[in-house]
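Numbers restart at 1 for each chain; the letters A, B, ... are given by sequence-line order, proteins then strands. None of these values were measured; they are calculated from a predicted model.
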There are 2 protein chains.
Amino acid sequence: MVTSTVENYLKHVLLLSEEADDLVSMGALAAALAVVPGTATTMVKALADGGLVEHQPRHGVRLTDEGRSVALNVLRKHRLVETFLVNVLKMDWAKVHQEAERLEHAVSDEVLDRLDALLGHPGTDPHGDPIPSRQGKLRSQVYATLATCATERRFRIVRVTDQSPEFLQFAEQNGLQPGTSLRVTERNLAAGLLTLRKPAGRPIALSLAAAGKILVEPEK
Amino acid sequence: MVTSTVENYLKHVLLLSEEADDLVSMGALAAALAVVPGTATTMVKALADGGLVEHQPRHGVRLTDEGRSVALNVLRKHRLVETFLVNVLKMDWAKVHQEAERLEHAVSDEVLDRLDALLGHPGTDPHGDPIPSRQGKLRSQVYATLATCATERRFRIVRVTDQSPEFLQFAEQNGLQPGTSLRVTERNLAAGLLTLRKPAGRPIALSLAAAGKILVEPEK
DNA sequence: AAAGGTATTTTGAATAGTCAAAATAAATGT
DNA sequence: ACATTTATTTTGACTATTCAAAATACCTTT
C-alpha cells in the first residue's frame, strides 16, 4: 500500500536524483527524511519489493517508472498546495512548505485538479519550482544562480531552491522572490560575498552560499 | 501524541455523545470507527491514560474537557473543509465527506483560520451541520424532522444528517438541501411513506426512515 | 436462582515504521 | 598492501494500531 511514508520516500528519491544524478545514496536519502541510515535501507528494500524503486545494495536507489509516477504526483500536490496557500490564502511564503508537507498526502486527485483550475494551471509554485503536469512531465531547465551569473547585467529571479523557513524569511525581507529583477554589482570571491541592486533601492549584501540558492535568467 | 487515529476516536466520541447522551458505548464507538470492539477498548484505555477521555469499564466513554476541545477542533476542521470544497471548489455534495475525513487531520490551525475568513465565517457546513467556533462553542438546537413535522405547513430544510454518498446523492437529485422550502402533503405511517412538495414542482415520495434524516424548521 | 444471550475486556499475534548498535563492505591514505 | 575511516546493512527491540478468538461480566427471562 502507498502510505504517506512511502510517498515521502519516493518524493525525496525524486528530488535527490535531480542533483546527484542516477543513483541516490542511502545516506543522502536518510538525511533528507530525517531517519537513521538503517531505517532507510529497510524501507528501500520494502519499496524495491513493491516495484517502486530499484535498489543496488551498497550503491543506492533509483525510481522505477511506477515509483517515478507516484513521486511526480506527490510533488505536483505539494507544489500546487503551496501555490494555493500563498496565492489564495495569502500565507507567509516561509511557512507554506511545512504545511504542504502534510497536505500533499491528504489531497485527492480530484481536489488537486480543481485546485489546479482555480489557480489557473500555474507552471511553477511561489518559489519558482516547476509543477509537474498531470501527465507527469516535469519541465526542468538549467539556470544560472546569483553566484555564477554575469555582473552588471539585468537578471530576473526564477526560483529559490532553499525551502527552509529561515532562508525564505530572509529572501522575503529583501524582496528576493521569483519575478524580482536585479543586477549583481560586485562579486568578491575571496570574501565569499556579493552585492546586488534592485532597480530601485539600496544595495543588498549576500553570501556566495546564499546566492547559489537563487536561480536567475537574463531579462529581456 | 495526538495522531490522526486519536483525533478520529475523539471526534466520534463527540458525535456519538450527542445522540446517546452521557456515556458512549464501546460497541457504538467501535462500529463508528469500523474496528472490532476489542480494538476500541484498547484504544480507549490509552486515551484515558492520556487524559483525553474518562473510561468507565463495561459502561462507556466520555470526553474530558481536554478531549472535548481536541474533538471540537477536528470537527471544526472537518466542516470548514467541507464548506470550502463545496463553496469554492464546487465539488459534489456527496463526495466531500470522505475528502474531509482525510484533510481534517492535515490542516493546521492557521490554514483553518484563513479558510474560515475566506468563507466568511460560516455557521454551518453544506449539510447544515453546525461548525464549532474557534473557541469550541457548538451551537446545538433541536429540530423537527420531515418524519415528525406538521403537514401542510411550510418548512425549510436546515440540515441533512446522513453523510453517506448514496443518501446525499438522492437528496441532491431531489433538491433536498439546506435552504430548500417545502411542505409535507401526506404522511402514511402504515406504509412508512410520505409525500412532500416544493413550492414549484412535482410531489416527491420519501420513506419515513429517510425523512427522519432531514431536519427542518418552520418558515417565517 | 439458574440459563442464556449480549456486550465488553483480555490475550496473543500481526504489520508498519522506527532506533540503537553491531557487523560488514568499500574507499582512502600512507 | 595494510590500517583506518566512512557508508551501508543487519539484528534485535520498541511503539502504535489492528484483528481473532477466548474469557468475563452483566442483563434478562424464566
For the side chain of B:Met43, counting heavy atoms from C-beta on, which of C:dG17, D:dT17, D:dT9 is nearest? D:dT17
Kindly point out which of C:dT8, C:dT18, D:dT17 is positioned nearest to the side chain of A:Tyr9? C:dT18
When B:His59 and A:Met1 are each assigned the nearest nucleotide of DNA chain C, the 5'-most assignment goes to B:His59
Among the candidates D:dT8, D:dC27, D:dT18, find the nucleotide nearest to the side-chain atoms of A:Thr41. D:dT8
Can you tell me which nucleotide in C:dT18, D:dT8, D:dT10 comes closest to the side chain of A:Lys45? D:dT10
Between P on C:dG17 and CG on A:Leu29, what's the gap in Å once rounded to a whole number? 14 Å
I'd like to know if B:Glu110 and B:Arg114 make a salt bridge, using a cut-off of under 4.0 Å between side-chain N and carboxylate O. yes
Less than 4.0 Å between a side-chain N and a carboxylate O, is that true for A:Lys95 and A:Glu99? no
Can you identify which nucleotide, out of C:dT8, D:dA7, C:dT18, has its nearest atom closest to the A:Arg58 side chain? D:dA7
Could you state the CE-C1' distance from A:Met26 to C:dT18, rounded to the nearest angstrom? 16 Å
CZ of B:Arg62 to CG of B:Leu14: how many Å apart, nearest 0.5 Å? 14.0 Å
Between B:Thr5 and D:dA16, does any side-chain N or O lie under 4.0 Å from OP1 or OP2? no
Once you apply a heavy-atom cut-off of 4.0 Å, does B:Gly38 come out as touching a base, just sugar-phosphate, or nothing? base
Considering only side-chain heavy atoms of B:Ser25, which listed nucleotide, C:dT9, D:dT10, C:dT8, is closest? C:dT8
Is the shortest distance from a Lys or Arg side-chain nitrogen in B:Asp125 or B:Arg159 to a carboxylate oxygen in the other one below 4.0 Å? no
B:Thr3 vs D:dT17: side-chain N/O to OP1/OP2 distance below 4.0 Å: yes
Kindly point out which of D:dC19, C:dA16, C:dC19 is positioned nearest to the side chain of B:Val36? D:dC19
What nucleotide among D:dC27, D:dT18, C:dT18 has an atom nearest to a side-chain atom of A:Thr39? C:dT18
In whole Å, what is the span from the CG atom of A:Asp49 to the P atom of C:dT15? 14 Å
